[in-house]
Structures are given as structure tokens and as C-alpha cells.
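This report concerns only the one structure given below.
If you're wondering where the values come from, they're calculated on a predicted model, not measured in any experiment. Chain letters run A, B, ... following the sequence lines, proteins first and then strands; every chain starts at 1.
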2 protein chains.
Amino acid sequence: MSEIKTLSSPLRISPQPTLKIRKSERTRAAILNAGVEFVWSHPFRDLTVNVLMASTGLSRSAFYQYFKDLQDLMESLLDLLKNEVYAVTGPWFEGTGDPVILLNDSLAGLVDVCYRLGPILRAADDAAATDERYEKVWKQFIEQFDDAITTRIKADQEQGLIPNFDARPVAEALNRLDVFTLLDAFGQHPRKQPEPVYEALSRIWISTLYGSEWLGKRSSDLVRT
Amino acid sequence: MSEIKTLSSPLRISPQPTLKIRKSERTRAAILNAGVEFVWSHPFRDLTVNVLMASTGLSRSAFYQYFKDLQDLMESLLDLLKNEVYAVTGPWFEGTGDPVILLNDSLAGLVDVCYRLGPILRAADDAAATDERYEKVWKQFIEQFDDAITTRIKADQEQGLIPNFDARPVAEALNRLDVFTLLDAFGQHPRKQPEPVYEALSRIWISTLYGSEWLGKRSSDLVRT
DNA sequence: TTTAATTTCTGACATAATGTCAAAATATAC
DNA sequence: GTATATTTTGACATTATGTCAGAAATTAAA
């Protein structure tokens, strides 16, 4: 029906650069891009196969050649998000070095990624309410971090860097603090400023885990606007 | 189609006890109760006007005499939640007395309410992804607390009880910490144990606001199982 | 380049949900 | 018990989903 207004998202999907590029790969990428564009400026609930495919010039039924349903498409978009998030949070989980600085860097990176891809993240969350299968995928994405954070807290507790509380529920709560805060701050237009969000998350994580005496300890001020 | 399996929710709506009870009031209450029962053991996405009304014995179209749509019904259920939450969080916002103890009491009460009504809370959140108008109602419910928490933090900052950081973003983050943590812990079957959730939230709030030296300060151990 | 094989795309169909409305059924007031 | 007002219903128009057989196109082979 109506044209897709596009605030043009920063994410662009291109086919795998093999020698022979099958038409189907280009079409798949085109549909994914149409999805990103739509979801960048419209809520997931307004996405239908109709409006999506209209913006590609293909017929509605062509969609089903490539995706089982809209949640299946969102799963592909979520994969892109995952890579970005993993890249930026890795250091605190595995890394050696000052834990407070590593934590701050991870949080700063996370804020940056979620700022850049906020509306897509938001769609990835909204879609979870619409489909049981996809909901599990989304939950698993979040719960992965429960494990990683718990492990890191326990390790630092053994070092005497973090007080000896029950790590798992605190890890879960801090993880959900991040997810919901970032969704809310960057998942809609206009997005909030990233700096105050980073400041708040950093303050809460560090006060809770390492103690407020470490609040200022940062490697840099790299949070981009 | 299929019968509603009922783990029987603890919330029951009855008509206003005026002298003459109109049939319509009883019907409205019956529909609301059917909604609660459904949502207690099924995700909101599976709720249709059809299945809802089937469980009342009335025709599908009767629904529209009482509610604009399913989100309108959820708004009524949300009102019930609101009252319970307000009752329990009031003390920390307005109250005089030891702020740490009041905060702990509020959190304990909040955990208790959300434990008892978890699946309904969950539905109230899921429904927000399905409708623009209702989404605003839900967001406003959450954002009310942003204001209240910010005010309380600023007040305690003036007293020198809380360090002088930018109150608003921290308030927003702590609020979202609660919402998402409680949704996740109690919004599905089986619900998590309330105690560890309360312990984690209390630790995070108090470490962040008043400092970890106050962590043990409680009025009681009233969190029910 | 032409043709044959394969892949991709499309229109039509069956199904399920929504919301509306005039008419039927029921409740309430007198 | 009857008249009036309220409540309920079944039928309809609309919109979305997912499937499938056949049409169109791409690709591979000669």
C-alpha cells in the first residue's frame, strides 16, 4: 500500500562473494535489506509479507521461497546483530587485564553497537512476542550472556575482586538491565544520547560488582555520538 | 477450538457491588476473568476473540460490546496490576523513615506482587508489541516510575545520602532492571523463586544508590514464597 | 547462439482472524 | 403481563497467511 519511508539504516546485506552469484542469493539479500529498511523506521507489528515484498518489486509469494515466515527473516537479522555484539563483549568475558577497564570497554562497545542498530534490535525483541519458535531463539541469545556473566563474576569472586554473593541471579539481573535499557534507549526514534546511558550502566555494574571506589576507571572516552 | 487449560490465576474480577447489578456488568467481568484465565497459562499471542469468547459461552461478536479489541481488554487488566504495584511501591517514593529500609520494603513488595501476578504482567508487556495505542499506555505506566525514582534519588542526593551523579539515566536504568528482571523471572511457568530475585535487585539498587556498606539493612524477612 | 534443463517467480486458492451491523432474543421497568 | 430498553447474535466485508501448479526466467550445454 504505502511507500516505505526510509531513514536509511546503516546495515546492508550483500550476497556471499562467490564466483557465480546465483540469482536466488541476490534476491534473498534484497529481501533482507527490505526488511532492515522497513524495520528501521516502522514497528515490527506493521511488517507484513505484502508490504515487504512490494518494496522489492517481487510478488508476495516469492517471499516464501526464501523464508518460512517473518520471524524466520528476523532470525537472519538477529544473526547479524549477534556478531556485532559478540565482537564487542568478548573482552570482558575472556580477557586478561584490569577487570574494571575491560568491563567498561565492553559496556561502551555494547552501547555503541546498540545505538547504531537500535531499531533492528527493537524489532528482534518485538518479534519474540509473535512466535514461539523465534521467541526461543531470542531468549537463548539473551541467556547465553547469563552464563558468560555468571562465569566471569565467579572467577573474580575467587580472586577476591568481587564480594561473595550468589552470582547467577545478579548476573541475570544485570544482563536484563542492559537489554531493556538499551532497547528502550535506542530502539525508537529519536534515540537517546548514548553517553548518559553508558554512564548509568557503567555506574550500576561497577558499584554492584567491584565497588563504587572504582567508578572512574576507564581506558578511554571512545563512546561515539 | 481447544479448551483452555487452567492453572487458575489468583486474580478474580467481580462487578462493582452496586444495588442493581446490570447484566452487562456481569458479562464484562466474565470476559475479563476469561482473559485472566487464558493469559495465566497461555501467551498473549495465542489469545483470539474467538477462543476467549468460546470460554464464556457467548458469541464472538458480544466481545465488541465491551471492548474495542484485545488490547483494550489488556488495558483493563493492566489497571488491576497498577493498583497492586502502586500500593507496594508508594512507601519508598513518598515515605519518611530510613531510605534503605523503605527501598528494601518496596522491592520486596514489588517482587511479591510480580510473583503473584507474573503471567498477567507478562501478557501486559507482550500486548504492547501488538498495538500502538496500548503500547503508549504500557510505556506510560513504566515511565511514571522513571519520574518517581528520579525525584527520590535527587531528594536523597540533597541529603547527602546518595552520591551526586546524573539521577535520571540511572533511575531509568534501575527501573528497567526491575521490569525486565521481574517479567523474565515470573512471567512464565515455572516461575523462578522470588527470594534470589529480591536479593539480586536489592543488592544492585543499594550498591548503586546508597553504597554496599548498607547491603544488609532490612526491616524484616517478609518475602513470601 | 540456440536449445534443454533447472531455477525462480507468480496468480489463484484455502484458511483464519478482525470488526461492523441490522435483526433477534432477552432483560428490565412499569 | 406488557412495553421498552438492553444485550446478543449471525452474516458480511476485509485483510492477512501459507501453498501449489504452472509460467517465466536463468543457467548450462552443445
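- Of the side-chain N and O atoms in B/Ser59, none sit less than 4.0 angstrom from OP1 or OP2 of D/dT8.
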B/Lys136 and B/Glu132: CA distance, side-chain angles, deciding distance, salt bridge (charged side-chain N to carboxylate O under 4.0 Å, His left out) verdict
CA-CA 6 Å; B/Lys136 282 179 184 148; B/Glu132 179 170 9; 3.6 Å; yes
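- One atom, OH of B/Tyr64, and another, P of D/dA11, lie 17 Å apart when rounded to the nearest Å.
- In this model, the phosphate group of D/dT8 is approached by a side-chain N or O of B/Tyr66 to a distance below 4.0 Å at OP1 or OP2.
- Between the P atom of D/dT6 and the CD atom of B/Gln65 lies a distance of 11 Å, rounded to the nearest Å.
- One donor-acceptor pair, N or O on each side, does fall under 3.5 Å between the base of C/dG11 and the side chain of A/Ser61.
- Between D/dT15 and A/Thr48, no contact under 4.0 Å exists linking OP1 or OP2 to a side-chain N or O.
- Classified by interplanar angle (parallel below 30°, tilted 30° to 60°, perpendicular above 60°), the ring pair B/Phe93/B/Phe145 is tilted.
- Following rounding to the nearest Å, A/Arg60 (CZ) and D/dT17 (C1') show an atom-to-atom distance of 6 Å.
- Listed candidates were D/dT8, D/dT17, C/dT18. Nearest to the side chain of B/Thr27 is D/dT8.
- Taking atom CZ of residue B/Phe63 and atom P of nucleotide D/dT7, one finds them 17 Å apart after rounding to whole Å.
- Between A/Asp147 and the choices A/Lys154, A/Arg168, A/Arg152, the salt bridge (charged side-chain N to carboxylate O under 4.0 Å, His left out) rule is met once, by A/Arg168.
- Nucleotides of DNA chain C nearest to B/Gln71 and B/Arg26 differ in position, and the one nearer the 5' end is that of B/Gln71.
- For the pair A/Lys23 and C/dC9, the criterion of a side-chain N or O lying under 4.0 Å from OP1 or OP2 is met.
- Closest to the side chain of A/Arg22, out of C/dG11, C/dT8, C/dT18, is C/dT8.
- Closest to the side chain of B/Leu58, out of D/dT8, C/dT18, D/dG18, is D/dT8.
- Looking only at distances, a side-chain donor or acceptor of B/Thr130 sits under 3.5 Å from a matching main-chain atom of B/Ala127.
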